[in-house]
K.L.:
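Before I ask anything, here is the structure I am working with.
One-based numbering, in listed order, for ligands and for the atoms of each. Computed from a predicted model, the values in this text were never measured in an experiment.
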Amino acid sequence: MATYVERVIEECKKRNPGEVEFHQTVEEVLTSLAPVMDAHPEYEKAALLERLVEPERGITFRVVWEDDNGNVHVNKGYRYQFNSAIGPYKGGLRFAPNVYPGIIKFLGFEQIFKNSLTGLPIGGGKGGSDFDPNGKSDAEIMRFCQAFMTELYRHIGPDTDVPAGDLGVGAREIGYLFGQYKRIRDRFDGGVLTGKGIPYGGCLGRTEATGFGIVWYAEEMLKANGEDIKGKTVAISGFGNVSWGTAWKLQQLGAKLVTISGPDGYIYDPEGISTDEKVAYLLELRASGKNICAPYAEKFPEATFYPGKKPWGVFQDTGCKVDLFIPCAMQNDVHMEHAKQIVEGGCKFYCEGANMPTTNDALAYLMENMTAVGPAKAANAGGVACSCIEMGQNSGHTVFQHQDVYDQLHQIMINIYNACANAGEKYYGSKNCLVQGANIAGFEKVAEAMMAQGLV
Ligand code: 2IT
(Lines give C-alpha, C1' and ligand atoms only; values in the text may rest on other atoms or scores of the structure.)
Protein backbone atom coordinates (compact mmCIF):
# COMPACT_ATOMS: atom_id res chain seq x y z
CA MET A 1 0.00 0.00 0.00
CA ALA A 2 1.50 3.32 -1.07
CA THR A 3 1.86 5.95 1.64
CA TYR A 4 0.02 9.28 1.58
CA VAL A 5 3.17 11.06 0.35
CA GLU A 6 3.77 8.51 -2.43
CA ARG A 7 0.17 8.76 -3.61
CA VAL A 8 0.28 12.56 -3.81
CA ILE A 9 3.56 12.48 -5.75
CA GLU A 10 2.16 10.00 -8.29
CA GLU A 11 -1.12 11.89 -8.65
CA CYS A 12 0.73 15.18 -9.13
CA LYS A 13 2.90 13.71 -11.90
CA LYS A 14 -0.18 12.39 -13.70
CA ARG A 15 -2.02 15.69 -13.47
CA ASN A 16 0.94 17.74 -14.70
CA PRO A 17 2.26 15.66 -17.62
CA GLY A 18 5.69 16.47 -18.99
CA GLU A 19 6.56 19.04 -16.32
CA VAL A 20 9.73 17.22 -15.31
CA GLU A 21 11.33 19.93 -13.13
CA PHE A 22 8.08 20.36 -11.23
CA HIS A 23 7.85 16.58 -10.69
CA GLN A 24 11.44 16.61 -9.45
CA THR A 25 10.92 19.21 -6.74
CA VAL A 26 7.58 17.76 -5.62
CA GLU A 27 9.22 14.36 -5.22
CA GLU A 28 12.20 15.75 -3.34
CA VAL A 29 10.18 17.95 -0.98
CA LEU A 30 7.27 15.62 -0.24
CA THR A 31 9.54 12.65 0.39
CA SER A 32 11.28 14.67 3.12
CA LEU A 33 7.90 15.42 4.71
CA ALA A 34 6.97 11.76 5.32
CA PRO A 35 7.78 11.76 9.07
CA VAL A 36 5.75 14.95 9.53
CA MET A 37 2.74 13.28 7.89
CA ASP A 38 3.12 10.35 10.29
CA ALA A 39 3.07 12.78 13.21
CA HIS A 40 0.05 14.71 11.83
CA PRO A 41 -2.63 12.41 10.42
CA GLU A 42 -5.01 15.40 10.32
CA TYR A 43 -3.03 16.75 7.34
CA GLU A 44 -4.08 13.84 5.14
CA LYS A 45 -7.74 14.28 6.14
CA ALA A 46 -7.52 17.92 5.11
CA ALA A 47 -5.84 16.99 1.78
CA LEU A 48 -3.08 19.39 2.72
CA LEU A 49 -0.43 18.01 0.35
CA GLU A 50 -2.86 17.78 -2.58
CA ARG A 51 -3.59 21.46 -2.04
CA LEU A 52 0.06 22.37 -1.59
CA VAL A 53 1.08 20.97 -4.99
CA GLU A 54 -1.74 22.72 -6.87
CA PRO A 55 -1.10 26.43 -7.51
CA GLU A 56 -3.86 28.67 -6.18
CA ARG A 57 -3.88 30.35 -9.57
CA GLY A 58 -1.90 30.11 -12.82
CA ILE A 59 -1.98 32.85 -15.42
CA THR A 60 -0.75 32.38 -18.99
CA PHE A 61 -0.78 35.25 -21.41
CA ARG A 62 0.37 36.48 -24.79
CA VAL A 63 3.18 39.02 -25.04
CA VAL A 64 3.45 40.85 -28.37
CA TRP A 65 6.39 43.11 -29.10
CA GLU A 66 8.24 44.59 -32.04
CA ASP A 67 12.00 44.32 -32.61
CA ASP A 68 14.23 47.13 -33.90
CA ASN A 69 13.68 46.05 -37.51
CA GLY A 70 9.90 46.19 -37.22
CA ASN A 71 9.40 42.40 -36.99
CA VAL A 72 6.59 41.36 -34.67
CA HIS A 73 7.23 38.63 -32.07
CA VAL A 74 4.90 36.65 -29.84
CA ASN A 75 6.07 35.15 -26.54
CA LYS A 76 4.36 33.31 -23.72
CA GLY A 77 4.02 35.02 -20.35
CA TYR A 78 3.37 33.22 -17.05
CA ARG A 79 2.60 33.92 -13.42
CA TYR A 80 1.93 31.00 -11.08
CA GLN A 81 0.48 32.22 -7.77
CA PHE A 82 1.26 29.14 -5.74
CA ASN A 83 0.48 29.71 -2.10
CA SER A 84 -0.68 32.75 -0.12
CA ALA A 85 -1.23 31.10 3.28
CA ILE A 86 1.39 33.23 5.07
CA GLY A 87 1.53 36.37 2.92
CA PRO A 88 1.17 37.86 -0.57
CA TYR A 89 2.65 35.78 -3.40
CA LYS A 90 6.32 36.64 -3.73
CA GLY A 91 8.89 35.43 -6.20
CA GLY A 92 10.86 36.38 -9.26
CA LEU A 93 10.29 36.56 -13.00
CA ARG A 94 12.55 34.50 -15.27
CA PHE A 95 13.13 35.43 -18.91
CA ALA A 96 14.84 32.55 -20.72
CA PRO A 97 14.12 30.61 -23.92
CA ASN A 98 13.59 27.31 -22.06
CA VAL A 99 10.84 28.72 -19.81
CA TYR A 100 7.64 26.62 -19.80
CA PRO A 101 5.17 25.70 -17.03
CA GLY A 102 7.40 22.93 -15.64
CA ILE A 103 10.15 25.45 -14.86
CA ILE A 104 7.95 28.23 -13.51
CA LYS A 105 6.05 25.73 -11.35
CA PHE A 106 9.19 24.17 -9.90
CA LEU A 107 10.43 27.64 -9.01
CA GLY A 108 7.05 28.67 -7.58
CA PHE A 109 6.77 25.51 -5.51
CA GLU A 110 10.30 25.90 -4.09
CA GLN A 111 9.52 29.54 -3.35
CA ILE A 112 6.74 28.58 -0.89
CA PHE A 113 9.22 26.85 1.42
CA LYS A 114 12.04 29.33 0.87
CA ASN A 115 9.85 32.30 1.71
CA SER A 116 8.50 30.57 4.80
CA LEU A 117 12.07 29.82 5.94
CA THR A 118 12.95 33.53 5.92
CA GLY A 119 10.57 33.95 8.88
CA LEU A 120 8.93 36.83 7.00
CA PRO A 121 5.28 37.09 5.88
CA ILE A 122 5.54 36.17 2.19
CA GLY A 123 3.76 33.47 0.17
CA GLY A 124 5.13 31.74 -2.91
CA GLY A 125 4.82 32.57 -6.61
CA LYS A 126 6.90 32.75 -9.76
CA GLY A 127 6.53 33.99 -13.31
CA GLY A 128 8.37 34.69 -16.49
CA SER A 129 8.52 34.27 -20.22
CA ASP A 130 10.19 32.19 -22.92
CA PHE A 131 11.72 35.46 -24.18
CA ASP A 132 15.52 35.33 -24.66
CA PRO A 133 17.09 38.62 -23.50
CA ASN A 134 20.57 37.73 -24.80
CA GLY A 135 21.55 39.80 -27.80
CA LYS A 136 18.54 42.14 -27.58
CA SER A 137 18.96 45.90 -27.75
CA ASP A 138 18.02 48.07 -24.83
CA ALA A 139 14.99 49.39 -26.75
CA GLU A 140 13.83 45.83 -27.45
CA ILE A 141 14.15 44.90 -23.78
CA MET A 142 12.09 47.95 -22.84
CA ARG A 143 9.33 47.19 -25.37
CA PHE A 144 9.21 43.58 -24.25
CA CYS A 145 8.98 44.53 -20.55
CA GLN A 146 6.24 47.05 -21.30
CA ALA A 147 4.23 44.49 -23.26
CA PHE A 148 4.70 41.91 -20.49
CA MET A 149 3.52 44.31 -17.77
CA THR A 150 0.54 45.45 -19.84
CA GLU A 151 -1.01 42.08 -19.00
CA LEU A 152 0.67 41.29 -15.66
CA TYR A 153 -0.35 44.54 -13.91
CA ARG A 154 -3.95 43.38 -13.36
CA HIS A 155 -2.80 40.33 -11.38
CA ILE A 156 -0.28 41.95 -9.00
CA GLY A 157 -0.20 44.54 -6.20
CA PRO A 158 1.77 45.30 -3.01
CA ASP A 159 -0.60 43.11 -0.91
CA THR A 160 -1.50 40.63 -3.66
CA ASP A 161 1.57 39.47 -5.54
CA VAL A 162 5.02 41.05 -5.60
CA PRO A 163 7.31 39.93 -8.46
CA ALA A 164 11.08 40.45 -8.56
CA GLY A 165 13.95 39.38 -10.81
CA ASP A 166 15.39 35.96 -11.58
CA LEU A 167 17.53 34.76 -14.51
CA GLY A 168 17.34 37.32 -17.31
CA VAL A 169 15.55 39.91 -15.16
CA GLY A 170 17.81 42.39 -13.37
CA ALA A 171 17.58 46.00 -12.24
CA ARG A 172 17.16 47.28 -15.81
CA GLU A 173 14.18 45.03 -16.56
CA ILE A 174 12.60 45.73 -13.18
CA GLY A 175 12.89 49.46 -13.98
CA TYR A 176 11.02 49.10 -17.27
CA LEU A 177 8.41 46.81 -15.72
CA PHE A 178 7.85 49.22 -12.84
CA GLY A 179 7.60 52.22 -15.16
CA GLN A 180 4.87 50.54 -17.18
CA TYR A 181 2.97 49.39 -14.06
CA LYS A 182 2.98 52.94 -12.73
CA ARG A 183 1.86 54.37 -16.06
CA ILE A 184 -1.11 52.00 -16.33
CA ARG A 185 -2.19 52.03 -12.68
CA ASP A 186 -1.43 55.67 -11.93
CA ARG A 187 -0.16 54.53 -8.55
CA PHE A 188 3.43 54.51 -7.31
CA ASP A 189 2.80 51.33 -5.31
CA GLY A 190 6.50 51.15 -4.42
CA GLY A 191 6.31 47.62 -3.07
CA VAL A 192 4.72 46.08 -6.17
CA LEU A 193 8.08 44.93 -7.51
CA THR A 194 11.35 44.36 -5.67
CA GLY A 195 14.89 44.73 -6.90
CA LYS A 196 14.09 48.28 -7.97
CA GLY A 197 16.78 50.92 -8.51
CA ILE A 198 17.89 52.80 -5.41
CA PRO A 199 16.43 56.22 -6.43
CA TYR A 200 12.88 54.84 -6.63
CA GLY A 201 12.46 52.60 -3.61
CA GLY A 202 15.07 49.90 -4.14
CA CYS A 203 16.78 48.42 -1.13
CA LEU A 204 20.52 48.92 -0.59
CA GLY A 205 22.22 45.56 -0.70
CA ARG A 206 19.56 43.72 -2.75
CA THR A 207 21.93 43.00 -5.65
CA GLU A 208 24.44 41.14 -3.50
CA ALA A 209 21.92 39.80 -0.95
CA THR A 210 21.49 36.33 -2.48
CA GLY A 211 25.24 35.69 -2.75
CA PHE A 212 26.01 37.13 0.69
CA GLY A 213 23.26 34.99 2.20
CA ILE A 214 24.59 31.83 0.56
CA VAL A 215 28.05 32.36 2.04
CA TRP A 216 26.64 33.22 5.48
CA TYR A 217 24.59 30.02 5.36
CA ALA A 218 27.62 27.96 4.28
CA GLU A 219 29.65 29.59 7.05
CA GLU A 220 27.14 28.35 9.66
CA MET A 221 27.11 24.88 8.10
CA LEU A 222 30.92 24.67 8.31
CA LYS A 223 31.01 26.14 11.81
CA ALA A 224 28.59 23.48 13.09
CA ASN A 225 31.14 20.92 11.90
CA GLY A 226 34.13 22.62 13.52
CA GLU A 227 35.40 24.32 10.35
CA ASP A 228 36.14 27.97 9.56
CA ILE A 229 35.28 29.31 6.10
CA LYS A 230 38.41 31.47 6.27
CA GLY A 231 41.20 29.91 4.23
CA LYS A 232 38.92 27.43 2.46
CA THR A 233 39.19 26.73 -1.27
CA VAL A 234 35.82 27.18 -2.97
CA ALA A 235 34.54 26.36 -6.48
CA ILE A 236 31.34 27.84 -7.89
CA SER A 237 29.50 27.72 -11.22
CA GLY A 238 27.88 30.66 -12.99
CA PHE A 239 29.06 34.26 -13.36
CA GLY A 240 25.83 36.25 -12.84
CA ASN A 241 24.54 38.26 -9.91
CA VAL A 242 24.41 35.34 -7.52
CA SER A 243 27.97 34.28 -8.38
CA TRP A 244 29.20 37.85 -8.02
CA GLY A 245 27.64 38.31 -4.54
CA THR A 246 29.01 34.92 -3.51
CA ALA A 247 32.51 35.81 -4.77
CA TRP A 248 32.44 39.15 -2.96
CA LYS A 249 31.44 37.69 0.43
CA LEU A 250 33.94 34.82 0.05
CA GLN A 251 36.62 37.45 -0.55
CA GLN A 252 35.55 39.40 2.56
CA LEU A 253 35.64 36.28 4.71
CA GLY A 254 39.07 35.20 3.45
CA ALA A 255 38.08 32.14 1.41
CA LYS A 256 39.76 31.44 -1.94
CA LEU A 257 37.39 31.15 -4.90
CA VAL A 258 39.06 29.26 -7.77
CA THR A 259 36.33 28.79 -10.41
CA ILE A 260 33.40 30.42 -12.22
CA SER A 261 31.60 29.06 -15.28
CA GLY A 262 29.35 29.88 -18.20
CA PRO A 263 27.62 27.97 -21.00
CA ASP A 264 30.99 28.10 -22.84
CA GLY A 265 33.07 26.34 -20.15
CA TYR A 266 34.75 27.16 -16.86
CA ILE A 267 37.57 29.32 -15.56
CA TYR A 268 40.17 28.05 -13.10
CA ASP A 269 42.12 30.80 -11.36
CA PRO A 270 44.77 29.24 -9.10
CA GLU A 271 45.48 32.61 -7.46
CA GLY A 272 41.83 33.04 -6.52
CA ILE A 273 39.08 35.37 -7.77
CA SER A 274 39.89 37.32 -4.67
CA THR A 275 40.80 40.90 -5.57
CA ASP A 276 38.36 43.81 -5.91
CA GLU A 277 39.24 44.03 -9.59
CA LYS A 278 38.51 40.36 -10.28
CA VAL A 279 35.24 40.34 -8.34
CA ALA A 280 34.08 43.51 -10.10
CA TYR A 281 35.03 41.99 -13.45
CA LEU A 282 32.26 39.39 -13.02
CA LEU A 283 29.70 42.21 -13.32
CA GLU A 284 31.40 43.42 -16.50
CA LEU A 285 31.33 39.93 -18.00
CA ARG A 286 27.60 39.59 -17.33
CA ALA A 287 26.84 43.09 -18.59
CA SER A 288 28.55 42.29 -21.91
CA GLY A 289 25.37 40.35 -22.80
CA LYS A 290 27.43 37.63 -24.53
CA ASN A 291 26.82 35.00 -21.85
CA ILE A 292 30.40 33.69 -21.98
CA CYS A 293 33.10 33.57 -19.29
CA ALA A 294 36.16 32.82 -21.48
CA PRO A 295 37.28 36.51 -21.61
CA TYR A 296 38.23 36.26 -17.90
CA ALA A 297 41.32 34.23 -18.88
CA GLU A 298 42.35 36.86 -21.43
CA LYS A 299 42.06 39.63 -18.87
CA PHE A 300 43.79 37.65 -16.07
CA PRO A 301 46.42 35.39 -17.74
CA GLU A 302 47.14 33.41 -14.56
CA ALA A 303 43.71 31.81 -15.11
CA THR A 304 42.92 28.95 -17.51
CA PHE A 305 39.72 28.49 -19.51
CA TYR A 306 38.40 24.92 -19.87
CA PRO A 307 36.07 25.02 -22.90
CA GLY A 308 32.88 22.96 -22.78
CA LYS A 309 33.56 21.74 -19.24
CA LYS A 310 31.96 22.25 -15.84
CA PRO A 311 33.91 23.13 -12.69
CA TRP A 312 32.78 20.00 -10.81
CA GLY A 313 35.79 18.16 -12.27
CA VAL A 314 38.32 20.83 -11.28
CA PHE A 315 40.18 18.32 -9.09
CA GLN A 316 40.44 15.84 -11.98
CA ASP A 317 41.47 18.63 -14.42
CA THR A 318 43.96 20.54 -12.25
CA GLY A 319 44.64 18.60 -9.04
CA CYS A 320 43.15 21.47 -7.02
CA LYS A 321 41.47 20.21 -3.83
CA VAL A 322 38.21 22.03 -3.15
CA ASP A 323 36.71 22.34 0.36
CA LEU A 324 33.32 23.69 -0.65
CA PHE A 325 31.36 23.55 -3.91
CA ILE A 326 28.58 26.10 -4.56
CA PRO A 327 26.58 25.70 -7.81
CA CYS A 328 25.30 29.22 -8.65
CA ALA A 329 24.14 28.87 -12.27
CA MET A 330 20.80 27.16 -12.90
CA GLN A 331 18.67 24.07 -12.33
CA ASN A 332 20.06 20.57 -12.90
CA ASP A 333 23.64 21.74 -13.36
CA VAL A 334 25.06 18.90 -11.23
CA HIS A 335 24.29 15.35 -12.40
CA MET A 336 25.34 12.01 -10.93
CA GLU A 337 28.63 11.92 -12.89
CA HIS A 338 29.50 15.36 -11.47
CA ALA A 339 28.50 14.37 -7.94
CA LYS A 340 30.95 11.45 -8.22
CA GLN A 341 33.73 13.80 -9.35
CA ILE A 342 33.03 16.09 -6.40
CA VAL A 343 33.18 13.25 -3.88
CA GLU A 344 36.22 11.69 -5.57
CA GLY A 345 38.08 14.97 -5.05
CA GLY A 346 37.68 14.52 -1.29
CA CYS A 347 35.33 17.49 -0.81
CA LYS A 348 33.18 17.38 2.35
CA PHE A 349 30.87 20.39 1.92
CA TYR A 350 28.39 21.38 -0.79
CA CYS A 351 26.00 24.30 -0.65
CA GLU A 352 23.43 24.95 -3.38
CA GLY A 353 23.22 28.57 -4.56
CA ALA A 354 21.04 28.44 -7.68
CA ASN A 355 17.51 27.04 -7.49
CA MET A 356 17.49 23.22 -7.65
CA PRO A 357 20.99 22.97 -9.20
CA THR A 358 21.30 19.28 -8.36
CA THR A 359 19.35 16.36 -9.85
CA ASN A 360 17.57 14.24 -7.23
CA ASP A 361 19.86 11.23 -7.62
CA ALA A 362 23.00 13.40 -7.49
CA LEU A 363 21.68 15.18 -4.40
CA ALA A 364 21.04 11.87 -2.64
CA TYR A 365 24.57 10.70 -3.53
CA LEU A 366 26.15 13.89 -2.19
CA MET A 367 24.12 13.69 1.04
CA GLU A 368 25.30 10.16 1.56
CA ASN A 369 28.96 10.83 0.81
CA MET A 370 29.67 14.30 2.21
CA THR A 371 29.64 15.79 5.70
CA ALA A 372 26.92 18.35 4.93
CA VAL A 373 24.84 19.54 1.98
CA GLY A 374 23.07 22.90 2.14
CA PRO A 375 19.83 23.13 0.13
CA ALA A 376 19.08 26.04 -2.20
CA LYS A 377 15.72 26.94 -0.76
CA ALA A 378 17.46 27.74 2.52
CA ALA A 379 20.87 28.95 1.38
CA ASN A 380 19.63 31.33 -1.33
CA ALA A 381 16.72 32.72 0.72
CA GLY A 382 18.70 35.88 1.48
CA GLY A 383 17.62 37.33 -1.87
CA VAL A 384 13.92 37.10 -1.23
CA ALA A 385 14.43 38.06 2.43
CA CYS A 386 16.03 41.28 1.23
CA SER A 387 13.10 41.73 -1.16
CA CYS A 388 10.76 41.55 1.81
CA ILE A 389 12.90 44.15 3.61
CA GLU A 390 12.42 46.29 0.48
CA MET A 391 8.63 45.80 0.71
CA GLY A 392 8.74 46.94 4.33
CA GLN A 393 10.88 49.92 3.45
CA ASN A 394 8.39 50.94 0.74
CA SER A 395 5.23 50.47 2.82
CA GLY A 396 6.83 52.36 5.72
CA HIS A 397 7.83 55.23 3.36
CA THR A 398 11.36 55.07 4.65
CA VAL A 399 14.90 54.07 3.64
CA PHE A 400 17.09 51.52 5.41
CA GLN A 401 20.85 52.01 5.57
CA HIS A 402 23.23 49.54 3.96
CA GLN A 403 24.59 48.21 7.26
CA ASP A 404 21.05 47.83 8.66
CA VAL A 405 20.15 45.60 5.74
CA TYR A 406 23.32 43.51 6.05
CA ASP A 407 22.79 43.05 9.80
CA GLN A 408 19.17 41.96 9.34
CA LEU A 409 20.13 39.64 6.51
CA HIS A 410 23.00 38.02 8.38
CA GLN A 411 20.72 37.29 11.35
CA ILE A 412 18.03 35.89 9.03
CA MET A 413 20.56 33.50 7.46
CA ILE A 414 21.72 32.31 10.90
CA ASN A 415 18.07 31.75 11.88
CA ILE A 416 17.40 29.82 8.66
CA TYR A 417 20.44 27.61 9.20
CA ASN A 418 19.31 26.88 12.78
CA ALA A 419 15.74 26.12 11.69
CA CYS A 420 17.02 23.61 9.10
CA ALA A 421 19.53 22.00 11.49
CA ASN A 422 16.98 21.68 14.30
CA ALA A 423 14.29 20.15 12.07
CA GLY A 424 16.92 17.84 10.57
CA GLU A 425 17.90 16.68 14.03
CA LYS A 426 14.32 16.29 15.25
CA TYR A 427 13.02 14.24 12.30
CA TYR A 428 16.19 12.73 10.76
CA GLY A 429 18.53 12.47 13.73
CA SER A 430 21.29 14.87 12.61
CA LYS A 431 21.88 18.61 12.36
CA ASN A 432 23.57 17.88 9.03
CA CYS A 433 20.28 16.64 7.51
CA LEU A 434 19.77 20.16 6.18
CA VAL A 435 17.98 19.20 2.96
CA GLN A 436 15.16 17.41 4.79
CA GLY A 437 15.30 19.96 7.61
CA ALA A 438 14.74 22.86 5.20
CA ASN A 439 11.72 21.19 3.64
CA ILE A 440 10.22 20.45 7.04
CA ALA A 441 10.95 23.82 8.66
CA GLY A 442 9.59 25.65 5.61
CA PHE A 443 6.52 23.42 5.50
CA GLU A 444 5.54 23.61 9.18
CA LYS A 445 4.56 27.27 9.19
CA VAL A 446 2.67 27.06 5.89
CA ALA A 447 0.85 23.92 7.06
CA GLU A 448 -0.26 25.53 10.31
CA ALA A 449 -1.51 28.59 8.44
CA MET A 450 -3.39 26.47 5.89
CA MET A 451 -5.01 24.38 8.61
CA ALA A 452 -6.10 27.52 10.46
CA GLN A 453 -7.61 29.04 7.33
CA GLY A 454 -9.93 26.13 6.51
CA LEU A 455 -10.60 24.44 3.19
CA VAL A 456 -9.52 27.08 0.71
O1 2IT B 1 14.67 32.61 -6.51
C2 2IT B 1 14.45 33.63 -5.84
O3 2IT B 1 14.28 33.58 -4.62
C4 2IT B 1 14.42 34.90 -6.54
N5 2IT B 1 14.61 34.92 -7.75
C6 2IT B 1 14.13 36.17 -5.82
C7 2IT B 1 12.70 36.30 -5.50
C8 2IT B 1 12.32 37.62 -4.88
O9 2IT B 1 11.10 37.85 -4.80
O10 2IT B 1 13.17 38.40 -4.51
K.L.:
Which residue supplies the protein heavy atom nearest to atom 4 (C) of ligand 1, what is that atom called, and how far is it?
P.N.:
Lys126 NZ, 3.7 Å

K.L.:
Check whether any N or O atom of Gly165, backbone or side chain, sits under 3.5 Å from an N or O atom of ligand 1, and answer yes or no.
P.N.:
yes

K.L.:
Please write down residue, atom name and distance for the protein heavy atom closest to atom 7 (C) of ligand 1.
P.N.:
Gly92 N, 3.6 Å

K.L.:
Is there a side-chain hydrogen bond (donor to acceptor under 3.5 Å, both in side chains) between Tyr406 and His410? Walk through the geometry before answering.
P.N.:
CA-CA 6 Å; Tyr406 287 156; His410 192 179; over 6 Å; no

K.L.:
For the side chain to side chain contact (heavy atoms under 4.5 Å, CB included) test, which of Thr358, Leu363, Asn360, Val29 pairs with Gln24?
P.N.:
Asn360

K.L.:
Is it the side chain, the backbone, both or neither of Lys377 that has a heavy atom closer than 4.0 Å to ligand 1?
P.N.:
neither

K.L.:
May I ask which of Lys90, Arg206, Glu390 has a heavy atom nearer to atom 6 (C) of ligand 1 than the others do?
P.N.:
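Among Lys90, Arg206, Glu390, the closest heavy atom to atom 6 (C) of ligand 1 comes from Arg206.
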
K.L.:
For the side chain to side chain donor-acceptor pair (under 3.5 Å) test, which of Lys90, Arg79, Arg57, His155 pairs with Asp161?
P.N.:
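Exactly one option meets the side chain to side chain donor-acceptor pair (under 3.5 Å) with Asp161, and it is Arg79.
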
K.L.:
Take Phe212 and Trp248 through the test ring pair (Phe, Tyr, Trp, His ring centres under 6.0 Å) and record every step on the way to the result.
P.N.:
CA-CA 8 Å; Phe212 275 29; Trp248 189 10; 5.2 Å; yes

K.L.:
Mark yes when over 12 heavy atoms from residues, nucleotides or ligands other than Met450 sit less than 6.0 Å from its CE; otherwise mark no.
P.N.:
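For Met450, atom CE is crowded (more than 12 foreign heavy atoms under 6.0 Å).
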
K.L.:
Which one holds for Leu107 and ligand 1: side chain close, backbone close, both close, or neither close, with close meaning a heavy atom under 4.0 Å?
P.N.:
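Within the 4.0 Å criterion, Leu107 makes no contact with ligand 1.
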
K.L.:
Numbering the atoms of ligand 1 from 1, which are under 4.0 Å from a heavy atom of Gln111?
P.N.:
1 (O), 2 (C), 3 (O), 7 (C)

K.L.:
Testing Asp166, Leu107, Leu177 for side chain to side chain contact (heavy atoms under 4.5 Å, CB included) with Leu93, which one passes?
P.N.:
Leu177

K.L.:
Determine whether Lys377 and Asn355 satisfy the following criterion, side-chain hydrogen bond (donor to acceptor under 3.5 Å, both in side chains), listing intermediate values before the conclusion.
P.N.:
CA-CA 7 Å; Lys377 62 174 75 64; Asn355 290 312; over 6 Å; no

K.L.:
For ligand 1, which atoms, with element, lie under 4.0 Å from some heavy atom of Asn355?
P.N.:
1 (O)

K.L.:
So is there a nitrogen or oxygen of Ser387 less than 3.5 Å from a nitrogen or oxygen in ligand 1?
P.N.:
yes

K.L.:
What is the closest protein heavy atom to atom 2 (C) of ligand 1, and at what distance does it sit?
P.N.:
Lys114 NZ, 3.3 Å

K.L.:
Can you tell me how far the OH atom of Tyr365 sits from the CD1 atom of Ile342, to the nearest 0.5 Å?
P.N.:
10.5 Å

K.L.:
Going by heavy-atom distance to atom 8 (C) of ligand 1, choose the closest among Ala164, Cys386, Cys388.
P.N.:
Ala164

